[in-house]
Amino acid sequence: MPELPEVETTVAGIKPYLIDTMIERLVIRQPQLRWPVTQGIEDTAKGLKIENVSRRAKYILISLTTGSFLIHLGMSGSLRLITNTDLLKKHDHIQMHLSNGHVLTFHDPRRFGCWLWSKYDHALLEKLGPEPLSSNFSGEYLWNKARKRKAPVKSFIMDSRIVVGVGNIYANEALFESGIKPQRRAGKISFKRYEVLAENIKVILSSAIEQGGTTLRDFTNSKGEPGYFEQSLSVYGRAGKACVKCNQPLKEIRLAQRSSVFCRSCQS
DNA sequence: CTTTCAGCCTGACGGC
DNA sequence: TGCCGTCAGGCTGAAA
């Protein structure tokens, strides 16, 4: 599933092909995504120039002269650039034909993603916390926000109002690296441990982005996916297997309906 | 205010 | 072989 590094890599991959090009045609084949695709955007978008492509949290923003598209890849979404003559795949829901001959194609089997239009600011971006890789995000910030919070620390760091872009995989990994048990209450964790945790979140996310960047050769291929999924994960998906640090079997529990894997002796 | 939980979907997988 | 049930998961917004 696309986590923040995949989104970042996607933006970097498509941006050079989109910037300063004109939208010749927008085709919506399946408007029923997580939210219905904004009605009438085929007409709205026609003939407009793409001014910028950026990322906020796991949202992709395509800025035009009169507004912007807000795209989320959900669980199974991807964007790829193809040409007019390429065959459509099943679940290719939206296509944006550009004046340079490229066709930006939104593919999403589970349809948890979205493609919305807004003239001004998108409401979905309003309540978001800081970017994890920005200087606004630190151990001190986390510690302050955690005062009196009873929620498990894993739910806390996955709350987009606290910090954006920490999905289930990276939450599991960062807590393991930091030696913090996922179910520990957020308000009961020391300042010092939050400094370690914030640093680990930054290191893990930025190294994943780096891997994505290095494996990304040509985004105009048929896959449309950054190919760095082979990165080694210490705990996620390894329940019952040996801890990479102490060899004890990893334990799996569910927190807020999400699979949480940790080591009972390395994390406390 | 904080926290929990339903719901949106399809594909993969295990059991029979 | 194929059918069926279960699960996975990001995120929002309603409910508690």
Side-chain angles (χ1 to χ4, degrees), chain A residues 1-11 28-38 55-61 69-79 88-94 106-116 118 121-132 142-175 182-189 201 204-205 208 223-226 229 233 235-240 250 252-261:
Chain A
M1 72 254 36
E3 292 261 355
L4 184 129
E6 281 97 325
V7 178
E8 179 74 19
T9 307
T10 296
V11 168
I28 317 286
R29 296 199 168 74
Q30 169 57 277
Q32 295 305 314
L33 304 181
R34 170 148 196 219
W35 296 288
V37 174
T38 311
R55 177 189 68 73
R56 173 73 175 108
K58 293 182 193 166
Y59 294 98
I60 297 166
L61 277 153
F69 291 125
L70 185 75
I71 300 165
H72 198 288
L73 301 177
M75 294 293 310
S76 57
S78 64
L79 289 170
L88 276 181
K89 293 184 187 178
K90 194 178 179 183
H91 307 302
D92 281 347
H93 304 315
I94 300 176
F106 177 81
H107 176 89
D108 187 9
R110 291 185 195 175
R111 291 197 259 140
F112 274 24
C114 66
W115 186 304
L116 300 170
S118 175
D121 295 328
H122 291 273
L124 292 171
L125 303 181
E126 267 173 21
K127 291 174 184 171
L128 296 179
E131 289 287 330
L142 276 182
W143 186 83
N144 279 325
K145 282 281 180 188
R147 293 311 84 212
K148 300 194 175 169
R149 294 270 188 153
K150 291 175 183 172
V153 61
K154 178 161 174 279
S155 308
F156 175 68
I157 60 170
M158 289 179 70
D159 183 339
S160 63
R161 291 164 302 187
I162 302 300
V163 57
V164 301
V166 182
N168 196 36
I169 295 175
Y170 293 114
N172 277 301
E173 295 297 313
L175 288 168
Q183 62 270 50
R184 180 165 292 278
R185 292 186 177 203
K188 302 257 176 178
I189 291 171
I201 290 172
I204 288 170
L205 286 176
K223 283 183 72 185
E225 290 167 8
F229 303 104
L233 298 172
V235 287
Y236 182 80
R238 297 195 64 245
L250 296 172
E252 178 168 29
I253 56 169
R254 292 190 76 80
L255 288 174
Q257 286 96 250
R258 288 184 178 87
S259 157
S260 310
V261 187

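Because the structure is a prediction, the values reported are computed rather than measured. Protein chains get the first letters and strands the later ones, always in sequence-line order, with residue 1 at the start of each.
Atom CG of Asn168(A) and atom P of dC11(C) are 11 Å apart (whole Å). In this structure, His122(A) places its NE2 atom 16 Å from P of dC11(C), rounding to the nearest Å. Separating the CZ atom of Phe112(A) from the C1' atom of dA8(C) is a distance of 9 Å, rounded to the nearest angstrom. As rounded to whole Å, 16 Å separates atom C1' of dC11(C) from atom CD1 of Ile157(A). His72(A) has its NE2 atom 7 Å from the C1' atom of dC11(C), to the nearest Å. Protein atom OH of Tyr170(A) is 12 Å distant from nucleotide atom P of dG10(C), rounded to whole Å. The CZ-P distance, from Arg111(A) to dA8(C), rounds to 22 Å in whole Å. One can place CD1 of Ile60(A) at 16 Å from P of dG10(C), the figure rounded to the nearest angstrom.
More than 12 heavy-atom neighbours from other residues, nucleotides or ligands sit within 6.0 angstrom of CZ on Arg147(A). No more than 12 heavy atoms of other residues, nucleotides or ligands lie within 6.0 Å of CZ in Arg185(A), so this atom counts as exposed by the packing criterion. Within a 6.0 Å sphere centred on CG of Asn144(A), heavy atoms belonging to other residues, nucleotides or ligands number more than 12.
Expressed to the nearest 0.5 Å, how far CG of Leu175(A) lies from CD1 of Ile157(A) amounts to 4.0 Å. One distance of note links CG of Leu4(A) with CD1 of Ile169(A); it measures 12.0 Å at 0.5 Å rounding. In this structure, the separation between CG on Leu73(A) and CG on Leu79(A) is 5.5 Å, given to the nearest 0.5 Å. Here CZ of Arg29(A) is found 7.5 Å from CG of Asp92(A). Values are rounded to the nearest 0.5 Å.
Counting non-hydrogen atoms under 4.0 angstrom, Ser76(A) reaches nothing in the nucleic acid. Nucleic acid contact class of Lys148(A) (heavy atoms, under 4.0 Å, all strands): none. Note on Gln257(A): a base of the nucleic acid sits closer than 4.0 angstrom, heavy atoms only.
Judged purely by atom type and a 3.5 angstrom limit, His107(A) has no side-chain atom pairing as donor or acceptor with the backbone of Ser76(A). Judged by distance alone, the side chain of Ser260(A) and the main-chain N or O of Arg258(A) form a donor-acceptor pair under 3.5 Å.
Annotation for Leu116(A) and His122(A): closest pair O-CE1, 4.0 Å, computed over non-hydrogen atoms. Among all heavy-atom pairs drawn from Val166(A) and Glu3(A), the shortest one is C-OE1, 4.4 Å.
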When you compare the protein's N or O atoms with those of nucleotides 12-16 of chain C, which come within less than 3.5 Å of each other, and at what distance?
unit_1, atom_1, unit_2, atom_2, d
dT12(C), OP1, Tyr59(A), OH, 2.5
dT12(C), O4', Arg34(A), NH1, 3.4
dT12(C), O4', Arg34(A), NH2, 3.0

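OP1 or OP2 of dA8(C) lies within a sub-4.0 Å distance of a side-chain N or O belonging to Arg254(A).
The aromatic rings of His93(A) and Phe106(A) sit tilted, their planes meeting at an angle between 30° and 60°.
Taking the screw axis at each terminus of the helix from dT2(B)-dA16(C) to dC16(B)-dG2(C) from five consecutive base pairs, the angle between the two is 50° to within rounding of 10 degrees.
Put simply, chain A comes within 4.0 Å of DNA chain B, heavy atom to any atom, from dT2(B) to dG11(B), going 5' to 3'.
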